Amino acid sequence: PSLKETEYHKENQMQSVREPEQHHLLVQQKLKDSFGPSYMTALSVIQAAALADLALIVAGNYQHFTYTQWLQVLLSFGMFIFFWNQYTMHSAMWEWIPDLRDAAIPFVTGGFELLLNHTIPANLSLWLFAAAAMLAIGAATTWHTILRAGEETENSRLLALLSRQHRLSELYLLAGSVLLLLFAGVSYVGNMQVSDVVQSGRGLLALALILLVVAYLSVFGIVSIRYWHLVVTYARTGYIPGMKAEDRIT
């Protein structure tokens, strides 16, 4: 055979060797790319249902709501925003191949959001328990996200740079969950009812507990904003405040 024919056959052989590898990488990337859109679509439907349910609860009971219950409504709404923001950040930042565990998270979250809604006009201690469960789910979701993102090499650098922020978020959410469980116990032992007026002693204590929850979650909101600011700063500059000089991208 001529030299051209020999080179042609060699090139075809190399392509036949490379083709399976290229194909499996294509499949891998398609699986990763499917995660964000499908996850956010499911989350959007679930969050919309939870928000509509909250609106129905308010519409049917607002005439009898106390100040404490109105704060519970605002906190429930704020938690919807918090979880939406958390899932949106994670799906935008990380890539991995989804499985059943990833599918379960938004549905479990939605179930507790519905429980949170329906305890507003009924029982303060049960509402605090549901809120504690929501924070525990947030901590578990953060841990799960870091675990799954760590399975893909393209996430390793950013995971290392944000490891301190991830530990802080997990600990803060777990501490908040324990704190709200304690509040739920205090509410149960003190027989505090959501219908207690502020002028009564139990009504004032119930309002104080909810205000403490407001303060705690507000601080975590600030932590989340700071976290996203670090991510955006890194995306734009390759630099995170406090990063060691040798870790910077030049």
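Predicted model only: the values in this text are computed from it and were never measured.
- With a 6.0 Å radius and a threshold of 12 heavy atoms from other residues, nucleotides or ligands, Phe129 has its CZ atom at or below the threshold.
- Between Phe220 and Phe82, the distance from one ring center to the other falls under 6.0 angstrom.
- Neither Val186 nor Leu126 shares a network with the other; the hydrophobic side chains, linked directly or stepwise wherever heavy atoms of I, L, V, M, F, W or Y lie under 4.5 Å apart, form separate groups for each.
- Glu95 places no side-chain N or O within 3.5 Å of a backbone atom of Asn155 that could act as its donor or acceptor partner.
- Within the 4.5 Å cutoff, the side chain of His229 has heavy atoms near those of the Thr233 side chain.
- Residues Phe65 and Pro121 come closest through the heavy atom pair CE1-CB, 4.2 Å.
- More than 12 heavy atoms of other shown residues, nucleotides or ligands fall within 6.0 angstrom of atom OH in Tyr216.
- Side-chain contact between Glu113 and Asp53: absent, with no pair of heavy atoms (C-beta onward) separated by less than 4.5 Å.
- Contact detail for His64 and Gln69: the closest heavy-atom pair is O-OE1, 3.6 Å.
- Residues Leu43 and Pro106 come closest through the heavy atom pair CD1-CB, 4.0 Å.
- Ring geometry for Trp70 against Tyr62 counts as tilted: the plane angle lies between 30° and 60°, on a 0 to 90° scale.
- Within the 4.5 Å cutoff, no side-chain heavy atoms of Leu174 are placed close to those of Val178.
- The CD1 atom of Ile137 sits 5.0 Å away from atom CZ of Phe112, with the distance rounded to the nearest 0.5 Å.
- Atoms CZ and CG, from Arg167 and Leu162 in turn, are 11.0 Å apart once rounded to the nearest 0.5 Å.
- Residues Val108 and Phe83 are members of one and the same hydrophobic cluster, defined by side-chain heavy-atom contacts under 4.5 angstrom among Ile, Leu, Val, Met, Phe, Trp and Tyr.
- In summary, the side chains of Asn85 and Trp228 do not present any donor paired with an acceptor at a separation below 3.5 Å, with no hydrogens or angles considered.
- There is no side-chain donor-acceptor pair under 3.5 Å between Ser224 and Gln86.
- The shortest side-chain heavy-atom distance between Phe77 and Leu51 falls under the 4.5 Å cut-off.
- Electrostatic pairing of Arg148 and Glu151 counts as a salt bridge here, judged by a charged N lying under 4.0 Å from a carboxylate O.
- A 6.0 Å sphere centred on CH2 of Trp143 holds no more than 12 heavy atoms belonging to other residues, nucleotides or ligands.
- Separation of atoms CH2 (Trp127) and OG1 (Thr68) is listed at 10.5 Å; rounding is to 0.5 Å.
- In this structure, Asn117 and Ala50 approach most closely via the heavy-atom pair ND2-O, 3.0 Å.
- Here Ile146 contributes atom CD1 and His90 contributes atom NE2; the two are 5.5 Å apart, rounded to the nearest 0.5 Å.
- Side chains of Thr119 and Gln72 form no contact here, defined as non-hydrogen atoms less than 4.5 Å apart.
- Ile210 has its side chain within reach of Leu128: a pair of non-hydrogen atoms, C-beta onward, lies under 4.5 Å apart.
- Using modelled atom types, one side-chain atom of Ser169 and one backbone atom of Gln165 make a donor-acceptor pair closer than 3.5 Å.
- Nearest heavy atom pair, residue Ser177 against residue Ala136, reads OG-CB, 3.6 Å.
- Note that CG of Leu207 and CG of Leu124 are 10.5 Å apart. Values are rounded to the nearest 0.5 Å.
- Note that CG of Leu217 and CG of Leu135 are 6.0 Å apart. Values are rounded to the nearest 0.5 Å.
- For the pair Tyr87 and Gln47, the minimum side-chain heavy-atom distance is 4.5 Å or more.
- When all heavy atoms of Ile46 and Gly110 are compared, the closest pair comes out as CG2-CA, 3.5 Å.
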